[in-house]
Number of protein chains: 2
Amino acid sequence: MVAHRTIERLSVYRRIGTLMHGKGTMHVFSHELAARSGSTAAQVRRDLMLAGITGSPAKGYLVSALIARVNAVLDHPEGLQVALIGVGNLGRAFLAYFLGRKANLNIVAAFDADPAKVGRVIQGCRCLPMQDLVPTCRSLGVHVGLVTVPADQAQAVTDALLEAGVRGILNFAPAKIRVPEGVFVEHVDITALVEKVGYFAARQNKETP
Amino acid sequence: MVAHRTIERLSVYRRIGTLMHGKGTMHVFSHELAARSGSTAAQVRRDLMLAGITGSPAKGYLVSALIARVNAVLDHPEGLQVALIGVGNLGRAFLAYFLGRKANLNIVAAFDADPAKVGRVIQGCRCLPMQDLVPTCRSLGVHVGLVTVPADQAQAVTDALLEAGVRGILNFAPAKIRVPEGVFVEHVDITALVEKVGYFAARQNKETP
DNA sequence: GGATGTGAACTATTTCACAGCC
DNA sequence: GGCTGTGAAATAGTTCACATCC
């Protein structure tokens with residue numbers, strides 16, 4: 001079990017590594033990964049160490065080995081099956097973003113309560129009605145739910161995902177969702193983030209460090 | 001200067017407080033805020049203490065005083081002016097979400113490079129061309145930039161925002177952006193978050209704690 | 001000389017636990 | 001009895017610093 005922050009950064013290192021690999025770069029130093037990921041060289045070395053990735057002082061880390069090892073740590077053997085619930089603007093943004101991007105992370109189903117959206121193919125993904133959520137997610141073996149519905153529907157959607165056996169939820173609704181022990185929830189609160197940026201934008205370097 | 005995490009949670013407590021206030025609730029206990037925000041009672045008390053919010057053992061915290069004090073800590077006197085750059089699906093989602101929601105947090109301008117979008121009013125906000133970014137943001141006194149453009153445009157947009165005097169950026173592009181000392185950047189990396197949820201969804205309670 | 005790998009130190013954040021109050 | 005306010009302890013996360021290697 002690797003630490004939360006390290007897992008997020010490994011995903012970033014892999015993206016950078018994949019980009020470099022596509023350009024034919026074979027090796028990378030920790031300070032290069034740090035510069036491209038917004039981290040520090042010491043942090044990168046620590047993260048790679050925790051993931052069991054090893055390099056050499058002469059050439060740094062082998063890009064292909066880095067990618068392979070992050071794959072082994074992060075990826076599910078059969079790929080990560082993701083369901084999207086709520087095909088509003090935010091949901092469509094994620095559909096467009098993940099569509100055909102990466103073989104190991106697939107949005108395999110999209111759901112919406114709006115009858116006008118159900119049945120239509122949006123960003124290449126057919127929009128299904130809410131009552132199909134439990135059977136469809138169960139039969140597709142969905143691991144993660146992306147919740148992009150309004151706040152008042154978040155708990156109902158969560159309960160359905162739980163019933164379908166989903167054990168991880170990324171929640172963009174501005175509402176707390178209740179889940180049983182053992183289910184992992186990540187909550188992205190846009191308002192809180194904007195207000196945080198506003199707060200620290202005003203105060204950077206204005207007070208004693 | 002209050003800690004990062006505390007600032008985010010204060011925003012959440014205020015949203016909950018505002019909701020309760022609207023329903024006529026006068027007082028709230030730390031364990032109630034904890035249950036509604038996904039935190040713990042001790043964490044809530046610590047956060048409120050750090051913000052200078054004080055309650056009584058008998059009645060808990062006065063909701064109106066909590067809101068007023070969070071306002072004083074988080075808000076800019078003239079309101080937080082936010083610019084949105086990139087009116088794709090993600091940008092439209094934020095426009096729709098923030099439109100008329102809260103007097104103290106306004107998206108005051110939206111920009112896009114696509115000539116087909118420029119000039120149109122999208123979600124109640126007129127879309128302006130990129131070359132207007134610097135003068136418009138400067139004259140409106142924009143504090144925070146919401147970057148929702150593709151990765152390859154993120155740095156150019158950032159540089160323009162910096163030139164316009166913006167000191168805080170919320171970046172949704174999957175790319176690291178360089179800013180000078182004193183500018184606050186929050187990077188939301190959707191891919192990393194989905195992969196993190198996938199990782200911990202599979203591993204919750206499967207390994208020794 | 002400049003890199004990795006990593007124990008140790010440091011900083012940030014959360015939780016415990018309890019005195020004091022109603 | 002249950003709650004607030006808060007030192008103190010515990011935990012999580014980051015950075016330092018240096019032995020070691022190429």
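By convention in this document, chain letters (A, B, ...) are assigned in the order of the sequence lines, proteins followed by strands, and residues within each chain are numbered from 1. Computed from heavy atoms alone, side chains included, the values below leave out hydrogens, waters and symmetry copies.
- Looking at A:Val63 and A:Ile67, their side chains come closer than 4.5 Å, going by heavy atoms from C-beta outward.
- Atom CD of B:Glu32 is separated from atom P of D:dG2 by 15 Å (rounded to the nearest Å).
- The phosphate of D:dG5 (OP1 or OP2) has a side-chain N or O of B:Thr54 nearer than 4.0 angstrom.
- Relative orientation of the B:His31 and B:Phe29 rings is parallel, given thresholds of 30° and 60° on the angle between their planes.
- Rounded to an integer number of Å, the gap from B:Phe29 CZ to D:dT4 P is 6 Å.
- Across the protein-nucleic acid pair, A:Arg69 atom CZ and C:dG5 atom P stand 13 Å apart, rounded to whole Å.
- Proximity note for A:His4 (side chain, C-beta onward) versus D:dG13, C:dG5, D:dC3: the nearest is D:dG13.
- Rounded to an integer number of Å, the gap from A:His31 NE2 to C:dG1 P is 17 Å.
- Atom NZ of A:Lys196 and atom P of C:dT13 are 9 Å apart (whole Å).
- Salt bridge annotation for A:Asp189-B:Arg15: present, with a cationic side-chain nitrogen under 4.0 angstrom from a carboxylate oxygen.
- Rounded to whole Å, the distance from CG on A:Leu10 to P on D:dG13 is 13 Å.
- Around the NE2 atom of A:His21, the shell of radius 6.0 Å holds no more than 12 heavy atoms that belong to other residues, nucleotides or ligands.
- Between A:Phe200 and B:Phe184, the ring planes are parallel. Angles under 30° get that label, and only those over 60° would be called perpendicular.
- Straight-line distance from the CG atom of B:Leu66 to the P atom of D:dT4: 12 Å, rounded to whole Å.
- Using a 4.5 Å heavy-atom threshold, the side chains of B:Val82 and B:Asn106 count as separate.
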Quiz item: Which letters describe nucleotides 14-22 of chain D, given B = protein heavy atom under 4.0 Å from base, S = only from sugar-phosphate, - = neither?
Solution: SB-B---BS
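- As rounded to whole Å, 18 Å separates atom P of C:dA17 from atom CE of B:Met49.
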